Amino acid sequence: MIRMGFNDDVTAAAERIAAAEEVTIISHIDADGITSEAILAEAVQRAGIPATTHYIRQLDPLTIRTVPEDRSLKVFVDLGAGQQNLLEERGLTVDEVLIADHHVAQPATLPYQQVNGVPYGHTRLSAAGVAYLIAKEMDRKNTDLASVAVVGNVGDMMARETLGLTGIARTIVDDGVANGSIRATARDLNCYGTSTRPIHVCLSYNDDPLLPGISNDINGSLRFLQKVGVPLKTRDGRWRVWEELEPDEKRAITSALVQQLLAHGEPVDRLFAETYVFPNEAARTPLRNASEFATVLNACGRWARPLVGSAICRGDRGTQYREAEYMLNNHRTIIRELLTYIIETGVTELSHLQYLHVGDRFPDTIVGIGAGMALSKLNWRKPILIMCTLPDDPTLTKVSMRTNEWAVRQGVDLQAVLTAASATIGGAGGGHPIAAGAFIPHDVEEEFVYCVNRLLGEQFAVPDQNHR
Ligand code: C5P
Ligand code: C5P
């Protein structure tokens, strides 16, 4: 049968899974990977098919060996598209592989079946969105997993540039709104922590947009809010969170923020975004909205407990959730330390790049997150590259890069840069235009950094050609 488009690919994948006798899901340890796995594992289990899960940090020559040699259908989610050559090398046949991904695909000899929005122009649909569409195609009852898919999409920053989910990912929000599991609010405050942080803390952490006199200044933030006059505490003395403010109170604060931005000649458009609250979750917990839920999952995954995150996506609010809360605290502390380390140590600036090496001080699973957070506090015009050593393989260096929408509009594509630069020195890289990573031999770090700088220079020089 000839398949014509993305929807046909989704249908074909659903049919393939439904016909399988046994399924192995291989997924990635971040929020998008965990939500993708949870959605598929739940759908497969509901269909009465035995399923096993393998979580991996990255699909590479070492981790590919954990993929079992058996007769199960191997479903690669949130990874695989960019590493099809590895699947071939592992000897995996077309008959046993299905890829559900959103990373840029690399050419392969074998025509593995794939569901990926990117080649069809659906670039703001993460793997969790793809997994959800497959699950929904398997059984309409799986639309109860819409909120999990929204967490994956938001966790992978699919809503960032457009200030809300768009396209196919937005239709998943509609499913959740229809079944009452998602409350979508248009033009809400674009700020992280609206369900758990005191409002002045929330605003002081905001860097998109940077709020003059408020961002990075918790006292300034408190003074600003006190002047607006909205009660910041409840009657019993607890700090209120943004989500529990009345609409007129929210308006009073956002109007004052608009004035503040205008007074400093700053644009106000990024102050507002569509937000996704889960009304069935307990108030003032990090599971209450999509972006905070995603952090919980990242904390689980990046600290080697992705199955805890998966259990939470599938409904656990008991022992697994308590364990996740503990990891979330730890995750936050280490990321704060990493951010402070980057700012205090400083970066080396080249013509088109800023970089630093954190040695073995921080794990490779979080250095990219820290680099992304540090960028707005550094020279945001230059992409940042962060390196660290891999404790389990001292011959390798992990590289993470982050940039911003502005640079991507100038033609920067970190995925292309890292793929090309790694290829020349025997490393392996991939990811997205705005966020990418690689593993490289540790003895070519300097040469690698200069190569990346040169490639970035070429991309900055021809914006029209690369414009996306
Ligand atoms: O997709 P990959 O795992 O698997 O990327 C995850 C990392 O890349 C996260 O840190 C996320 O913040 C970042 N990312 C991003 N913008 C995108 C896609 C990913 O910042 N469009
Ligand atoms: O590890 P980090 O968060 O920096 O990863 C950013 C993006 O780069 C992710 O999408 C990840 O899947 C991708 N990546 C990759 N190959 C690597 C390392 C990271 O494709 N060797």
Side-chain angles (χ1 to χ4, degrees), residues 26-37 55-64 76-87 99-106 116 118 123-128 130 152-153 155-158 160 294-295 297-299 301-304 306 331 334-335 338 342 355-356 358 362-375 383-390 393 396-404 408 413-423 425-442 448 452:
I26 302 101
S27 191
H28 184 217
I29 56 159
D30 74 353
D32 191 35
I34 293 173
T35 48
S36 305
E37 183 276 335
Y55 272 107
I56 52 181
R57 184 177 65 190
Q58 198 64 51
L59 200 51
D60 60 33
L62 272 182
T63 53
I64 188 90
F76 290 85
V77 272
D78 196 28
L79 37 75
Q83 301 93 358
Q84 295 180 58
N85 56 335
L86 281 179
L87 309 190
I99 300 170
D101 200 355
H102 71 126
H103 291 92
V104 177
Q106 299 295 337
N116 189 340
V118 172
T123 51
R124 298 191 203 283
L125 180 70
S126 76
V130 175
N153 275 284
D156 242 19
M157 308 291 170
M158 296 295 128
R160 182 173 50 197
T295 310
L297 300 182
N298 274 324
R302 305 227 177 213
W303 298 94
H331 183 64
I334 309 274
I335 287 180
L338 169 59
I342 297 173
Y355 72 95
L356 85 161
V358 299
F362 297 96
D364 69 286
T365 47
I366 64 149
V367 288
I369 299 176
M373 292 170 82
L375 189 57
I384 180 166
L385 182 153
I386 189 165
M387 288 177 278
C388 70
T389 50
L390 284 175
D393 189 345
L396 282 183
T397 295
K398 161 75 191 292
V399 176
S400 279
M401 286 196 74
R402 294 291 188 273
T403 187
N404 51 28
V408 171
D413 181 344
L414 301 182
Q415 183 275 137
V417 165
L418 285 189
T419 307
S422 331
I425 44 88
H432 313 272
I434 202 163
F439 294 108
I440 60 166
H442 83 113
F448 184 79
V452 167

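Remember, it's 1-based here, ligands and their atoms both numbered in the order they're listed. For clarity, every value in this text was computed on a predicted model and none was experimentally measured.
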Taking 4.0 angstrom as the limit and counting only heavy atoms of [X], give me the atoms of ligand 2 inside it, by number and element.
X: Ala428; value: 21 (N)
X: Gly430; value: 8 (O), 13 (C), 14 (N), 15 (C), 16 (N), 20 (O)
X: Arg302; value: 3 (O)
X: Phe439; value: 21 (N)
X: Lys398; value: 1 (O), 2 (P), 4 (O)
X: Ala435; value: 7 (C)

Of all the heavy atoms in [X], does at least one lie under 4.0 Å from an atom in ligand 2?
X: Ala436; result: yes
X: Arg57; result: no
X: His103; result: yes

Quick one: does [X]'s side chain have a donor or acceptor within less than 3.5 Å of a partner on [Y]'s backbone?
X: Asp32; Y: Ala127; value: yes
X: Ser400; Y: Ile386; value: no
X: His28; Y: Arg57; value: yes
X: Arg402; Y: Ala371; value: no

Tell me which one of Met401, Arg402, His432 gets a heavy atom nearest to atom 5 (O) of ligand 2. Arg402
Taking atom 2 (P) of ligand 2 as the point of reference, which of Gly82, Gly372, Gly437, Ser400 owns the nearest heavy atom? Ser400
For the residue pair His103 and His432, does the interplanar ring angle fall in the parallel (under 30°), tilted (30 to 60°) or perpendicular (over 60°) class?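 Tilted, since the angle between the ring planes falls between 30° and 60°.
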Quick check on side-chain hydrogen bond (donor to acceptor under 3.5 Å, both in side chains): which of Asp156, Asp101, Asn153 does Ser126 satisfy it with?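 Passing option: Asn153.
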With rounding to the nearest 0.5 angstrom, report the CG to CE distance, Leu356 to Met387.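 Going from the CG atom of Leu356 to the CE atom of Met387 covers 7.5 Å.
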How long is the span from the CG atom in Leu414 to the OG1 atom in Thr419, to the nearest 0.5 Å?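 Reported to 0.5 Å precision, the distance equals 10.0 Å.
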